[in-house]
Amino acid sequence: MKTDSTVRTTSSWPLGRHRPYWRWSAGAQLTRLPIAMAPLAFTALTTATSGSYATGAAIVATIVIAEVVCAVPMGRLFDRTGIVRGLRAMLALRGIAYLGLLAAAVAGLPAGALIAIAVVVGALGGGLLGGFRALLTEVVGEKLLPRAVAVNTMMVDLVIVGGPVLVGLLTALSTTAPVLLMAAASILAVPLVAAGRETVRATPVTPGNGLLRTLFCWICCAFAVGHLTSTVEVAVLPIAERLDGGANAAAVIVVVLSAASLLGGFLYLRINRPGNGRTAAALLAVLASGGAVVAFGASWPVVIVGTALTGVCIGPLITINSVLVEDALPTNRRAEGFGLINTAQGLGFGLGSLSLSVMPLRAGGLVAVASALLAAAVVFRYAPRSRPAEPAPAA
């Protein structure tokens with residue numbers, strides 16, 4: 001149990017000396033790094049080995065779909081067998097599967113065989129991020145949870161931006177080097193998985209499918225954040241072209257979105273509030289407003305303001321959503337519950353990309369804005385107005 005002096009030390013700067021948190025974070029970011037690296041890494045690899053970047057794109061799509069489909073079943077498995085044990089086993093197996101996929105690509109196996117291995121890679125990774133999130137409360141405790149989630153959200157932004165940069169640097173050495181690093185990252189994360197002050201052990205999972213009803217508001221929120229964020233990210237090039245810009249101008253939008261997301265996460269971190277349903281609904285409404293400005297803006301200053309308005313809401317929304325999901329979950333279904341939230345956000349990301357591939361830019365943007373507004377209405381109407389009171393300490 002933490003002493004008062006420990007709490008004061010870690011409160012002076014967000015989790016600065018909280019070693020269990022940084023161990024957890026290192027494991028979580030190593031687990032996430034292959035996901036950020038995969039699109040560029042596999043397209044570069046298959047272009048070099050078979051001359052087809054389309055095979056690499058198909059591998060990435062297969063991994064993502066398998067992860068989304070398997071997130072909830074894997075979370076349920078972790079809840080049954082023990083989260084720490086499950087994470088260690090799946091991380092090690094995913095690292096081996098990445099090596100197998102690399103070997104198959106280098107050996108020139110047909111695309112069908114590569115995609116079959118990609119299914120295994122994605123299935124093994126399906127519950128990893130939900131499992132890590134399920135451990136977080138045990139690692140940092142209830143008081144530091146909002147701060148820990150906010151810091152983690154900022155770290156995620158850095159990994160997402162840094163992953164492709166790392167691939168670019170490594171590809172200059174060899175097209176196999178990025179995938180080797182992806183495998184190594186999974187394996188290196190294994191010894192970093194540990195329970196916190198309370199051991200997370202296997203517990204019987206309560207029967208029924210009540211999690212969908214329990215988490216409905218937060219599923220809608222996660223879906224909307226993923227949907228609108230993906231729509232903006234995928235649309236940057238056509239938006240830049242609409243405003244007589246090119247690839248460099250599109251990169252400016254991505255940089256502004258990422259920087260605003262980091263700023264929003266940092267500001268919310270300093271506030272250190274867990275938030276509630278009304279705050280989440282308000283942020284979703286602002287997110288929708290920013291998305292509308294980006295989709296319909298007719299000049300660069302307007303689009304940049306809309307992008308910043310969108311980005312600054314992302315970090316606080318993810319933090320609030322994560323903390324309130326934790327409040328709603330029974331302790332023996334955390335991995336499954338966070339797997340469900342990750343699935344919703346992943347489906348939102350997928351829909352954002354799909355909508356822009358089948359409809360005009362402004363129509364796709366309008367669908368994403370409507371998604372965020374609908375989520376805001378659902379959260380405002382049905383989410384709890386405040387967090388449940390903490391139980392009184394035992395005498």
Next on the checklist: Is there a path of hydrophobic side-chain contacts, each under 4.5 Å between heavy atoms of I/L/V/M/F/W/Y residues, joining F266 to L262?
Outcome noted: yes
Applying side-chain contact (heavy atoms from CB on, under 4.5 Å) to E142 and D327, what does each step give before you reach the verdict? CA-CA 10 Å; E142 178 72 18; D327 290 337; 4.3 Å; yes
Applying side-chain hydrogen bond (donor to acceptor under 3.5 Å, both in side chains) to S355 and not counting sequence neighbours gives none
Does some side-chain heavy atom of P330 sit less than 4.5 Å from a side-chain heavy atom of L211? yes
Quick one: side chains of residues 293-309, donor-acceptor pairs under 3.5 Å with protein atoms, not counting sequence neighbours, listed by atom name and distance.
from, atom 1, to, atom 2, distance (Å)
W300, NE1, L243, O, 3.3
T307, OG1, V303, O, 2.8

Those residues at least two apart in sequence (or on a different chain) that pass side-chain hydrogen bond (donor to acceptor under 3.5 Å, both in side chains) with T55 are S52
Kindly say whether L329 contributes a backbone atom to a donor-acceptor pair with the side chain of R334 at under 3.5 angstrom? no
Would you say V193 and M90 are hydrophobically clustered, going by side-chain heavy atoms of ILVMFWY under 4.5 Å? yes
(Q) If you define the side chain from C-beta out and look only at heavy atoms, does anything of L91 sit under 4.5 Å from I187? (A) no
Between A66 and V119 the two heavy atoms that sit nearest each other are CB-O, 3.6 Å
Interatomic distance, CD@Q345 vs SG@C221, rounded to 0.5 Å, equals 9.0 Å
Taking every heavy atom of A335 against every heavy atom of G75, the minimum-distance pair comes out as CB-O, 3.4 Å
Note: W218 and A280 closest approach over all heavy atoms is CZ3-CB, 4.1 Å
Hey, are the side chains of V151 and W22 touching, using non-hydrogen atoms and a 4.5 Å cut-off? yes
Distance col, row M74:CE vs D79:CG, nearest 0.5 angstrom, shows 13.0 Å
Is there a side-chain contact between T153 and V149 (heavy atoms, below 4.5 Å)? yes
Distance-only criterion, 3.5 Å: show the donor-acceptor pairs between side-chain atoms of residues 32-43 and protein atoms not counting sequence neighbours.
from, atom 1, to, atom 2, distance (Å)
R32, NH1, Q29, OE1, 3.0
T43, OG1, P39, O, 2.8
T43, OG1, L40, O, 3.0

Worksheet item: Under a 4.5 Å cut-off applied to non-hydrogen side-chain atoms, are E67 and L128 in contact?
Response: no
Full working for side-chain hydrogen bond (donor to acceptor under 3.5 Å, both in side chains) between D157 and S258:
CA-CA 7 Å; D157 285 334; S258 300; over 6 Å; no
Quick one: does V225's side chain get under 4.5 Å of N321's, heavy atoms only? no
- Item | Non-hydrogen side-chain atoms of L373 and L284 separated by less than 4.5 Å | no
Check the pair F380, R278 against side-chain contact (heavy atoms from CB on, under 4.5 Å), reporting the backbone distance first and the verdict last. CA-CA 6 Å; F380 183 82; R278 287 186 173 178; 4.1 Å; yes
Do side-chain atoms of T343 reach the backbone of A71 as a donor and acceptor pair under 3.5 angstrom? no
For this session: May I have the step-by-step check of side-chain contact (heavy atoms from CB on, under 4.5 Å) for I320 and L324, ending in yes or no?
Result: CA-CA 6 Å; I320 293 171; L324 296 183; 3.7 Å; yes
Closest non-hydrogen contact found for C217 with Y382 is SG-CB, 3.5 Å
State whether R80 and E336 are salt-bridged, where the test is any N-O pair (Lys NZ or Arg NE/NH1/NH2 against Asp/Glu carboxylate O) under 4.0 Å. no
Rounded to the nearest 0.5 Å, the OG atom of S371 sits from the CG atom of L366 at a distance of 11.5 Å
- prompt: Heavy atoms, side chains only, cut-off 4.5 Å: are V156 and N152 in contact?
  reply: yes
(Q) Quick one: does any side-chain atom of T62 pair with a main-chain N or O of A58 as donor and acceptor, under 3.5 Å? (A) yes
When rounded to the nearest 0.5 Å, the distance separating CG of L77 from CD1 of I83 is 11.0 Å
Would L87 and V139 show up in the same hydrophobic cluster when neighbours are defined by side-chain heavy atoms closer than 4.5 Å?
yes
| query | Given the rule in the side-chain contact (heavy atoms from CB on, under 4.5 Å) test, do F338 and S322 qualify, once you have shown the distances and angles that lead to the verdict? | reply | CA-CA 8 Å; F338 284 112; S322 183; 4.0 Å; yes
Quiz item: Can V64 be reached from I117 by stepping across I, L, V, M, F, W or Y side chains whose heavy atoms are under 4.5 Å apart?
Solution: yes
CG of L114 to CG of L101, rounded to nearest 0.5 Å, is 6.0 Å
Across all chains, not counting sequence neighbours, the ring-ring contact (aromatic ring centres under 6.0 Å, His included) partners of Y21 are W24
Check: residues 160-181 side-chain donor-acceptor pairs under 3.5 Å, at least two apart:
from, atom 1, to, atom 2, distance (Å)
T171, OG1, V167, O, 2.6
S174, OG, T176, N, 3.1
S174, OG, T176, OG1, 2.8

Step by step, work out the side-chain hydrogen bond (donor to acceptor under 3.5 Å, both in side chains) result for E326 and T137.
-> CA-CA 9 Å; E326 176 108 13; T137 304; 2.3 Å; yes
Using the rule that two of Ile, Leu, Val, Met, Phe, Trp, Tyr join whenever any of their side-chain heavy atoms come within less than 4.5 Å, decide whether L374 and V286 are in one cluster. no
So CG of L340 and CZ of F216: to nearest 0.5 Å the spacing works out to 11.5 Å
